[in-house]
Protein chains: 2
Amino acid sequence: MEYAPPQAATILNAKIDEEVESLHDGILSKLRDFIVEGHLRPGDRVPERQLCESLGVSRTPLREALKVLAAEGLIELLPNRGARIREFTPDDVREFFEMLAGMESTAGRLACERITEAAIGEIEALHYQMYGHYMRRELPEYFRLNQLIHERIVAAAGNHALETYYHGLTARMRRLRYSANTIKRDRWGQAMREHEQILDALRRRDGRELAEILHEHLIHKWNATCEPLGTSEVE
Amino acid sequence: MEYAPPQAATILNAKIDEEVESLHDGILSKLRDFIVEGHLRPGDRVPERQLCESLGVSRTPLREALKVLAAEGLIELLPNRGARIREFTPDDVREFFEMLAGMESTAGRLACERITEAAIGEIEALHYQMYGHYMRRELPEYFRLNQLIHERIVAAAGNHALETYYHGLTARMRRLRYSANTIKRDRWGQAMREHEQILDALRRRDGRELAEILHEHLIHKWNATCEPLGTSEVE
DNA sequence: AGATGATAAATTGTATGCAAATTTTCTAAC
DNA sequence: GTTAGAAAATTTGCATACAATTTATCATCT
């Protein structure tokens with residue numbers, strides 16, 4: 001799975017000859033993906049030498065990438081004991097969701113001021129498409145559209161820093177999502193209703209309300225992942 | 001000026017033998033401070049060799065630190081051309097303020113659910129102290145207390161990830177603040193009124209409203225820094 | 001047998017070295 | 001005098017090397 005390349009934002013940010021995507025960042029992305037995809041379990045040591053061979057580079061650039069990943073919070077660097085995949089405590093997960101809620105809420109507020117009618121239309125289209133998947137109980141497709149809608153709103157906020165941090169968060173949470181790709185029937189209905197409200201607030205460009213709904217929506221999502229799975233979940 | 005060391009949060013996060021502050025991160029902090037303090041002008045090249053000597057380390061750990069700083073957005077890494085101090089466009093500044101507004105807004109909402117009565121009392125005390133400085137037109141002291149109140153609210157949100165990112169943002173903005181340590185008389189009054197509302201919403205633990213006010217408050221602050229300075233500014 | 005301590009192997013953190021690229025300096029032409 | 005071009009000198013990016021520390025292995029003792 002790949003990110004959508006940050007099209008417009010990158011072009012806007014790139015000066016005449018700056019911001020060229022260094023071939024060296026490739027190591028970083030590969031390592032990040034490697035960890036996020038779950039090839040290394042939380043608590044595991046990160047085998048420098050082994051990764052060097054499989055990536056075909058020496059330790060120097062790899063260690064630079066590890067430092068960055070540590071700064072991003074994906075791994076821990078223990079003095080003289082190397083890197084370990086960070087374990088996420090329930091509190092960490094709560095903090096992630098709260099941040100995500102905050103980011104989306106902020107994005108929603110800003111998007112109401114800046115989004116074009118065309119972009120609203122596109123989100124509407126995605127919404128109805130998602131609704132179709134909901135009616136047909138097509139969970140993976142529903143999740144995909146859901147994610148896409150949220151990404152569109154964040155993109156419409158017109159804030160590159162926000163978008164970058166948001167994508168970083170969702171990347172870190174991807175591993176968590178693997179285990180949480182399930183939803184209760186009644187929660188699903190509620191989520192769908194919330195999405196109706198989201199779209200409605202966006203149409204009316206009511207930033208205050210959209211911020212509120214998005215925050216609630218994400219916190220509900222978190223609550224759902226916390227509850228022990230009951231008897232009525234789908235899939 | 002120093003940060004209040006993150007007391008409780010660090011203790012909570014530190015496992016039995018993990019998270020020891022590596023002596024190596026010292027380079028990172030020193031470099032970050034060196035840049036934030038403004039010893040290097042935007043657009044300047046970062047002299048690797050020179051910094052190595054003045055820090056007393058070789059290029060390897062220094063370059064690791066540079067990679068992290070680049071990930072944080074403080075410097076740019078141009079392929080085969082080394083590091084440059086990042087220049088902030090007006091759009092970058094807008095994005096920073098919007099992020100700050102979003103963070104504080106989110107923090108406020110969370111703080112309303114979690115803050116202790118004691119902590120509210122402390123913020124009240126700071127508020128009235130700040131009000132005194134406002135009445136006596138003591139601008140630097142006012143700014144200090146102002147900053148302190150906002151930090152307290154963020155801390156009261158009980159979200160370490162948010163706090164970390166918030167401090168990163170304010171650090172990056174410190175350089176901008178140097179030039180913006182001025183305020184118009186009428187804006188000062190408005191800011192003071194907004195702070196009254198902030199305290200009021202916090203007392204009532206009305207997260208929705210506090211989030212709204214904080215967002216507005218920060219956006220106003222940004223507008224103030226953008227407007228060309230008129231005739232009635234203080235200092 | 002299980003625990004304890006010593007030795008060996010592996011791993012980490014940092015310094016140094018070298019090829020490729022860039023920037024600077026110097027020279028020569030217009 | 002200014003500009004274009006070539007050679008020298010930095011500078012960058014990466015690989016390797018080496019000391020310090022940690023981890024693993026193994027022999028010894030209770």
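In what follows, chains carry the letters A, B, and so on, assigned in the order in which the sequence lines appear, proteins first and then strands, with residues in each chain numbered from 1.
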Measure [atom1]/[X] against [atom2]/[N] and give the value in whole Å, please.
| X | N | atom1 | atom2 | answer |
| --- | --- | --- | --- | --- |
| A:Arg63 | C:dT14 | CZ | C1' | 8 Å |
| B:Arg84 | D:dT12 | CZ | C1' | 13 Å |
| B:Lys67 | C:dT14 | NZ | P | 18 Å |
| B:Leu51 | C:dT14 | CG | C1' | 17 Å |
| B:Leu62 | C:dT16 | CG | C1' | 15 Å |
| B:Leu78 | C:dA21 | CG | C1' | 14 Å |
| B:Ile75 | D:dT12 | CD1 | P | 11 Å |
| B:Glu64 | D:dG13 | CD | C1' | 14 Å |

Can you see if the side chain of B:Arg81 gets near the phosphate of C:dT23 - specifically, an N or O under 4.0 Å from OP1 or OP2?
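Yes, within the criterion.
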Filter on ring-ring contact (aromatic ring centres under 6.0 Å, His included), then keep only pairs touching residues 26-67 of chain B, sequence neighbours left out; what's left?
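Sorted result for residues 26-67 of chain B: B:Phe34-B:His39.
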Could you tell me whether A:Arg32 and A:Glu72 make a salt bridge, using a distance below 4.0 angstrom between a side-chain N and a carboxylate O?
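Salt bridge between A:Arg32 and A:Glu72, a charged N being under 4.0 Å from a carboxylate O: yes.
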By side-chain contact (heavy atoms from CB on, under 4.5 Å), which residues pair with [X], not counting sequence neighbours?
| X | value |
| --- | --- |
| A:Ser58 | A:Thr60, A:Pro61 |
| A:Asp91 | A:Thr89, A:Arg94 |
| A:Ala161 | A:Asn159, B:Glu95, B:Met99 |

In residues 39-50 of chain A, which residues come under 4.0 Å of DNA chain C by heavy atom?
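DNA chain C contact set from residues 39-50 of chain A: A:Arg45, A:Glu48.
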Sequence neighbours excluded, which residues qualify as ring pair (Phe, Tyr, Trp, His ring centres under 6.0 Å) partners of B:His215?
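Not a single residue meets the ring pair (Phe, Tyr, Trp, His ring centres under 6.0 Å) criterion with B:His215.
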Sorted by first residue and then second, give each side-chain hydrogen bond (donor to acceptor under 3.5 Å, both in side chains) pair with at least one member in residues 40-56 of chain B; sequence neighbours left out.
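Listed once each, the pairs are B:Glu48-B:Arg59, B:Glu48-B:Arg63.
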Parallel, tilted or perpendicular for B:His217 and B:His150, by the 30°/60° rule?
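Rings of B:His217 and B:His150: parallel, under 30°.
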For B:Arg114, check salt bridge (charged side-chain N to carboxylate O under 4.0 Å, His left out) against everything at least two apart and list the hits.
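B:Arg114: salt bridge (charged side-chain N to carboxylate O under 4.0 Å, His left out) contacts with A:Glu98.
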Of the residues in residues 52-61 of chain B, which ones touch DNA chain D at a heavy-atom distance under 4.0 Å?
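Nucleic-acid contacts, sorted: B:Arg59.
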